[in-house]
Protein chains: 2
Amino acid sequence: MTGQVRTVDGRVAGRRGQATRQKLLDCLGEMLSTSPYRDVKVIDVARKAGTSPATFYQYFPDVEGAVLEIAEEMAKEGAALTGLVSERAWTGKAGWQTAEELVDGFLTFWRKHDAILRVVDLGAAEGDKRFYKIRMKILNAVTNSLTDSVKELQSKGKVDKDISPAAVAGSLVAMLAAVASHQKGFQTWGVKQAELKPSLATIVHLGITGRKPTK
Amino acid sequence: MTGQVRTVDGRVAGRRGQATRQKLLDCLGEMLSTSPYRDVKVIDVARKAGTSPATFYQYFPDVEGAVLEIAEEMAKEGAALTGLVSERAWTGKAGWQTAEELVDGFLTFWRKHDAILRVVDLGAAEGDKRFYKIRMKILNAVTNSLTDSVKELQSKGKVDKDISPAAVAGSLVAMLAAVASHQKGFQTWGVKQAELKPSLATIVHLGITGRKPTK
DNA sequence: ACTTGTCCTGTCATGCCGTCAGCTTACCGA
DNA sequence: TCGGTAAGCTGACGGCATGACAGGACAAGT
């Protein structure tokens with residue numbers, strides 16, 4: 001689209017500028033994973049990046065703006081999640097494998113981007129359209145593919161016709177996202193990682209196909 | 001447990017004190033539902049309550065402390081959610097009704113406490129034990145009851161024995177919580193409320209019993 | 001009226017926010 | 001080599017939230 005990285009006051013950023021900008025983003029990302037979002041201050045990010053607060057404001061309108069930038073970057077990477085669903089079979093053993101790989105891919109991605117996804121989730125839940133859009137971008141690919149799968153199974157009469165494919169797909173994806181962001185919580189709960197994945201895969205398989213998986 | 005409401009510096013609060021304290025909590029709760037958590041300032045809450053910031057700090061160590069207070073209150077009310085699961089049947093039409101009522105009760109509760117639950121969720125995801133504990137308190141009742149249901153069905157051979165009851169129950173509850181906190185999101189997605197509930201109920205029923213519901 | 005204990009606020013030091021003017025650095029054409 | 005120009009960075013400042021304190025206002029009992 002633009003291809004041009006610009007500062008807040010409209011200048012185009014050169015090599016050096018882009019480097020500092022990126023360094024600020026990196027430091028912000030790191031801070032988000034070590035301290036509560038509410039407590040992340042511009043001055044801390046700037047200090048950590050070895051620069052001054054004023055420099056931060058040259059590249060981002062505020063902390064939220066910078067977070068959006070990181071999230072956007074992550075969303076691009078998240079597009080790869082589509083591959084976990086599209087063109088996959090949902091019958092027999094292959095169906096079980098699809099479910100397993102979907103769960104595994106999802107949890108891995110979520111854990112990797114843990115900190116930033118928390119903030120995106122909060123922003124989306126608070127009604128901020130920009131965050132909501134990014135959250136969509138990541139979840140949409142998976143949700144749409146799943147929706148298609150359900151529709152197809154529905155047309156074959158394997159799934160009840162009175163359920164909404166989009167609602168089921170959306171709910172399952174929401175489940176995966178929620179469980180992923182509380183993975184540590186489940187551990188405290190006495191649920192081990194190893195138990196979690198097959199359980200999730202089973203639920204996903206059940207939800208999509210209406211049948212128990214054959215393993 | 002305590003029964004005594006105390007100020008930060010240890011005094012016991014009288015009638016008037018408790019009134020202002022409550023007013024501050026109410027105003028904070030209201031602010032949380034209209035502006036982002038990150039932007040909620042003590043001075044705004046105080047102004048809204050017709051008092052001074054200093055008064056706020058007499059009753060709460062900081063904004064987070066006050067939020068915890070509200071959340072604690074909500075958790076008590078949330079204990080009633082247990083009734084949605086315990087002593088309910090999971091077979092035949094009664095099973096479908098159980099699933100429906102569970103979903104409905106959950107969504108209603110979540111929508112009612114929308115704003116505060118967002119913050120609790122964030123705090124828990126960020127690893128704050130106090131928030132995590134409250135989140136547990138609300139979800140635990142439901143999760144434990146569901147876990148028992150799955151165990152029972154498992155012992156009757158109606159559910160595969162190699163899945164973890166706790167993991168399934170936890171995942172389903174997480175799904176309900178996640179969908180509930182993004183209810184508005186689903187609407188934008190083109191999924192209507194009316195479609196959402198039966199879909200969720202179906203997934204819950206499938207997850208718990210392993211069978212399609214008979215409606 | 002006086003005392004006691006609760007309740008609230010004025011005020012202040014501290015620290016972060018967000019902006020500006022102005023300085024330094026890098027690039028480029030002559 | 002040498003300015004010229006735009007990019008890049010920072011010190012400094014007014015403004016505001018924070019959090020602490022001492023002291024004034026108020027209600028209730030004596």
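To find a chain, count down the sequence lines: A is the first, B the second, and so on, and within it residues start at 1. Just so it is clear, the structure is predicted and the values come from calculations on it, not from any experiment.
- Remark: Arg111(A) pairs with no residue by the salt bridge (charged side-chain N to carboxylate O under 4.0 Å, His left out) rule, at least two apart or across chains.
- Glu64(A) and Arg38(B) are not joined by a salt bridge, as no carboxylate oxygen comes within less than 4.0 angstrom of a charged side-chain nitrogen.
- The phosphate of dA7(D) (OP1 or OP2) has no side-chain N or O of Thr7(A) nearer than 4.0 angstrom.
- For the OP1/OP2 pair of dC9(D) and a distance below 4.0 Å, the side-chain nitrogens and oxygens of Thr55(A) include no atom meeting the criterion.
- Spacing between atom NZ of Lys23(A) and atom P of dG8(D) amounts to 16 Å, rounded to whole angstrom units.
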Donor-acceptor list for residues 113-123 of chain B side chains, cut-off 3.5 Å, not counting sequence neighbours:
from, atom 1, to, atom 2, distance (Å)
His113(B), NE2, Glu77(B), OE1, 3.4
His113(B), NE2, Glu77(B), OE2, 3.4
Arg118(B), NH1, Ala125(A), O, 3.2
Arg118(B), NH2, Leu32(B), O, 3.4
Asp121(B), OD1, Arg135(B), NE, 2.6

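- Checked against side-chain hydrogen bond (donor to acceptor under 3.5 Å, both in side chains), Ser164(B) has no partners two or more places apart in sequence or in another chain.
- Protein atom OH of Tyr57(B) is 19 Å distant from nucleotide atom P of dT11(C), rounded to whole Å.
- In this view, Lys48(A) and Glu30(A) satisfy the salt bridge (charged side-chain N to carboxylate O under 4.0 Å, His left out) rule, not counting sequence neighbours.
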For each nucleotide in nucleotides 21-27 of chain C, reading 5' to 3', give B when a protein heavy atom comes within less than 4.0 Å of its base, S when such contact involves only the sugar-phosphate, and - otherwise. ------S
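- Distance Phe60(A) CZ to dT19(C) P: 15 Å, rounded to the nearest Å.
- In this structure, the CD atom of Glu64(B) is 11 Å from the P atom of dG19(D), given to the nearest Å.
- Under the salt bridge (charged side-chain N to carboxylate O under 4.0 Å, His left out) criterion, Asp104(A) pairs with Lys197(A), sequence neighbours left out.
- For residues 60-83 of chain A, every residue pair satisfying the ring pair (Phe, Tyr, Trp, His ring centres under 6.0 Å) rule, not counting sequence neighbours, is listed here: Phe56(A)-Phe60(A).
- Distance CD (Gln18(A)) to C1' (dA7(D)): 12 Å, rounded to an integer number of Å.
- A heavy atom closer than 4.0 Å to some atom of DNA chain D occurs in Lys41(B), Val42(B), Ile43(B), these being the qualifying members of residues 26-52 of chain B.
- Scored by the salt bridge (charged side-chain N to carboxylate O under 4.0 Å, His left out) test, Asp148(B) finds no partners at all (sequence neighbours excluded).
- Note: CZ (Arg21(B)) to P (dC8(C)) measures 12 Å, nearest angstrom.
- Using a 4.0 Å heavy-atom criterion, one finds that Phe56(A) contacts no nucleic acid atom at all.
- When all heavy atoms of Val85(B) and Ser149(B) are compared, the pair lying nearest together is CG1-OG, 4.3 Å.
- Minimum atom distance to the side chain of Ala54(A) is reached by dG11(D), of the listed dC8(C), dG11(D), dG19(D).
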